[in-house]
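Working notes, structure below.
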Amino acid sequence: MIRHAGAIRAGLMMVICFMVGSSWMDGIASRAAAASPQETIAGAARKVVKIHGAGGVRGLEAYQTGLLVSPAGHVVTVMSTVLDADELSCVLDDGRRYRATMVGVDPRRELAVLSIEAEDLPAFTLAAGDPVPVGTRIFALSNLFGVAVGDERVSAQHGVVSALVPLEARRGSYEVPYRGDVYILDCTTNNPGSPGGAVIDWRGRLVGMLGKELRASGSGIWLNYAIPTAALNEGYAEIISGTASPAAPAGATASPGFDPAVLGLVLVPDLLDRTPPFIETVVADSPAARAGLRPDDLVIAVGGRSVASRAALQRALAALAAGDAVQLSVVRSGTIVECDLGPRPAAGRKR
Amino acid sequence: MTSARRQKVAFMQRIDQPTAARLIAAGLLACWLGGVVFLCIAVTPARSEDATAGAGAVPLAVLHAQQQRIDVMQRASAAAVAIFAGEAGGGSGVLISRDGYALTNFHVVQPAGIAMKCGLADGHLYDAVLVGLDPTGDVALVKLLGRDDFPFAALADSDEVEVGDFCFAAGNPFLLATDFQPSISAGIVSGTRRYQFPAGTILEYADCLQVDAAINPGNSGGGLFDAQGRVIGVNGRASFEKRGRVNVGVGYAISANQLRNFLGLLKGGRLVDHATLGATVATSADGRVVVSDILESSDAWKRGLRYDDEVVSLAGRSVRTVNAFKNVLGTLPAGWRVPLVYRRGGRREEILVRLAGVHTAADLTNIVEGKPQKSAGKGPTPPETPPAALPDAVQPLYEARRGFTNHHFNTVERDRVARALAAGGGQAAWGGRWILSGRLATGEPFRIELSDKEGVIDLPTGTTRVDATGELDVNPSPPGSGGMLAALLLWRRLLREGPAPLGRTSYWGTVPLDPRSFGEADAPRLVDMLESSVAGVEARFMMEDGGVVSGIELWTAPDADPCEVRFTFPGPNRPQDLPRVMPSVIEVRHGNDLFGEFRVETAVFEMADGEAAGGEATPNGANTLPGGGT
């Protein structure tokens, strides 16, 4: 309910912004007395680094983005496979290339801090503070698609903060442990290489950092989001002081797998992003067979909660505790049929 | 800054009292409600009460800026072209001239062939004909037919574009413009001077603009506009990833300055090629850009570039990364000369390098015709395919010729230049001897005599002559010049009779008149160039506006270095009765060397052979040019 209200507020706010907010050109003109957007972007881009590390195979990019947060060369970025390399390098806006060493990670927020041996670098200021209001106009600066090479400037995109909501996201079937508030951006930032990028307001102040490429748990939509500066600050402080929790908190790890075959359900092969959860065959004399399930039934809900894909069905079954009632709603010949499979067996146990 | 202030002042002056009071009241009321509500209240009453003023609580400056933006977008929309290539799809284009020339992408028009239909925002569908193609740069030039007053947008200087600039695309995404009204998507410039790798050897995007305005399939070929509605680029490419072929906020546009470099060649109906240096570069261990490989047949090699030389700049732009090198090279047409600065052992050298083509003519033809590429010379000559059922409007505007996209437009451009020559620089009357005399830079005298029969030059080193009626490649003279007399004889023939007697003459395109001016504040001035194949030599004539020939390049053999002649003209003090085409200085270069700087002090023209018994006594009809050379 609260979340709904937030969404409505966010929507209203955006409408107002469009009504009152001066047009883009006007915005540029009226800010000419202060720094122009062009100058703001150029200034902030000097505090953004291109990170090169591991990857380059099987769709995993070997590059991302990072933020300089101290003149002595501390770089905050997202924890990712890119950093899983012996040779890490950071390329500054002016093309200078430094070897980077890992200072530490914050597994809870999935942040990492790197260090390069340099001095007097331009740097963002990390600080605690209130989040920026929804409707704030932002620029996102990142090494998207690795298109900026050497002394070429990172890419700049524009957008608006659309909402501030808790992150509920996954990467593949892996639920992301971080549950803090993130900014949802009206800006297509979910691109390879963007993670670790800077989100700044029109005065060049750091609003947040682009997170890794994730989909929303509920909808499967790729998320354009940023981790607020205050959370970055907390994570950075914990890493620097060595107090970052070494592992993800309990319950945040991926759910243990659950094979529906244990229930006597054989589903169609999971070939698509969102394969519809059709039943291929039903094992005779199984809980599924006893509950009356048939081949070609389409499962639409588990315990009354809709499941839109095969993967979602599997997750929903896995989320049940052993012994919980398994109730499936299926569509058969255009009508919904409720089937009760009885208590869920423990995972992996073969009958 | 100034315009912003003016807008603010206007707002302060024109806001009416009740509105101001209402604003203040609303503000006070809303103080405790927070900014969100304040904005809401400030807008609402004005909307309900004050429809006539159109101002209400929205600052007039904002309304004014909004109206300006609408006007700019409407003007841009008028110049936007919806291209329909039948079942093959289509895309977008942008008109850049009143007479209907429009730029688009090669990959948009390739399936369409020679003729296509183009819709404009005025609701009309026009026939259009393909003029020129640049497959490497993914550019095509088409001409819309049926009007001589098309709306168009000017090309901006894309080097001025900054990251963060407002920009917008007007085009035909997903072929939505069935009523020919373009879709507008706005954004900012995300990056400049981006490099996007080619597919094979074509569709390379060098030095391009990156934008976050939505660029979707169908936007290809459409204009990318700045806040003033000028074309800063032509959209053609986007990074697509996991979402399928839809915008992810990363689009790329071919820069207006690259388009300008190729426009002359495209207008000449050519099948245009991009440039290669004949050398590759790599980043050395210490981060310098060095020559990693070089062809000994390349002009760069002949001018002195070698392995491991550090490339400092190319065409006036510093080269600090391999990407930067490719960015500069990728915006240049084959055949241009550009300065290259390199460093070897601490010594800095500047050379002018003539750029070769990336492809052979046969390869380019095969690419356009969708055939596999073959190496030079081996490809069988494709049959001259007669254009299949071109529309009546297009039929007379198409002429197939190997190596050209549409040779008809080469004839159009050649004739345009010939007319300018006849009107401005032509010297049809001076049919007799032309005698130029003066001093070399060393102070020693020279004398050049040109006629229909022969060319004679007296130099301190001796006298040489060339038979003007025979082959000109036999004995390039004077020795060491590469063919200076031949060049001057053809120059006289061109000024006298126009391009017609010069054998096979075509319009080359535009070239920088002074390549050494790359990198200066103003871009190098581009001038028209004619090329002729005559009497065993290849000659190119650079023509300035007004039909003045400013430079000649002449090859006596394809692999030889050309003779390069550059004319300098007297300043404003030139006597009125003198032919304006007569130079005060003739500079002749060959290979790496300056052959001579000829400062003309006296010029004598004779009306026709035989009347000139008096020689330099300047008989009737002759003119003299008082001391010029400075």
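Order of the sequence lines sets the chain letters (A, B, ...), proteins ahead of strands, with each chain counted from 1. Since the model is a prediction, treat every value here as computed from it, not as a measurement.
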Would you call Gln38(A) and Val163(B) a side-chain contact if the rule is heavy atoms closer than 4.5 Å?
-> no
Between Val211(B), Thr283(B), Val189(B), Asn323(B), which has the largest tally of heavy atom pairs under 4.5 Å with chain A?
-> Asn323(B)
For residues Val149(A) and Val322(B), determine if any side-chain heavy atom of one lies less than 4.5 Å from a side-chain heavy atom of the other.
-> no
Shortest non-hydrogen contact between Gly249(B) and Gln157(A), atoms and distance = O-NE2, 3.1 Å
Minimum side-chain heavy-atom gap Tyr252(B)-Val147(A) below 4.5 Å | yes
May I ask you to check whether over 12 heavy atoms, not counting those of Arg317(B), lie within 6.0 Å of atom CZ?
-> yes
Donor-acceptor pair between Arg153(A) and Thr192(B) side chains, under 3.5 angstrom = no
Which pair of non-hydrogen atoms, one from Asp151(A) and one from Thr321(B), has the smallest distance, and what is that distance?
-> OD1-CG2, 4.0 Å
Arg46(A), CZ atom: more than 12 neighbouring heavy atoms under 6.0 Å = no
Side chain, backbone, both or neither of Arg193(B) within contact of chain A (heavy atoms, under 4.5 Å) = backbone
Would you say Asp212(B) and Thr188(A) make side-chain contact, with heavy atoms under 4.5 Å?
-> no
Taking C-beta and beyond as the side chain, do Arg194(B) and Ser155(A) meet within less than 4.5 Å on heavy atoms?
-> yes
Interchain contact, Ala148(A) with chain B, by part (heavy-atom threshold 4.5 Å) | both
Can you tell me if CG on Asp130(A) sees more than 12 non-hydrogen neighbours from other groups inside 6.0 Å?
-> no
Checking heavy atoms, do the side chain of Ala213(B), its backbone, both or neither come under 4.5 Å from chain A?
-> neither
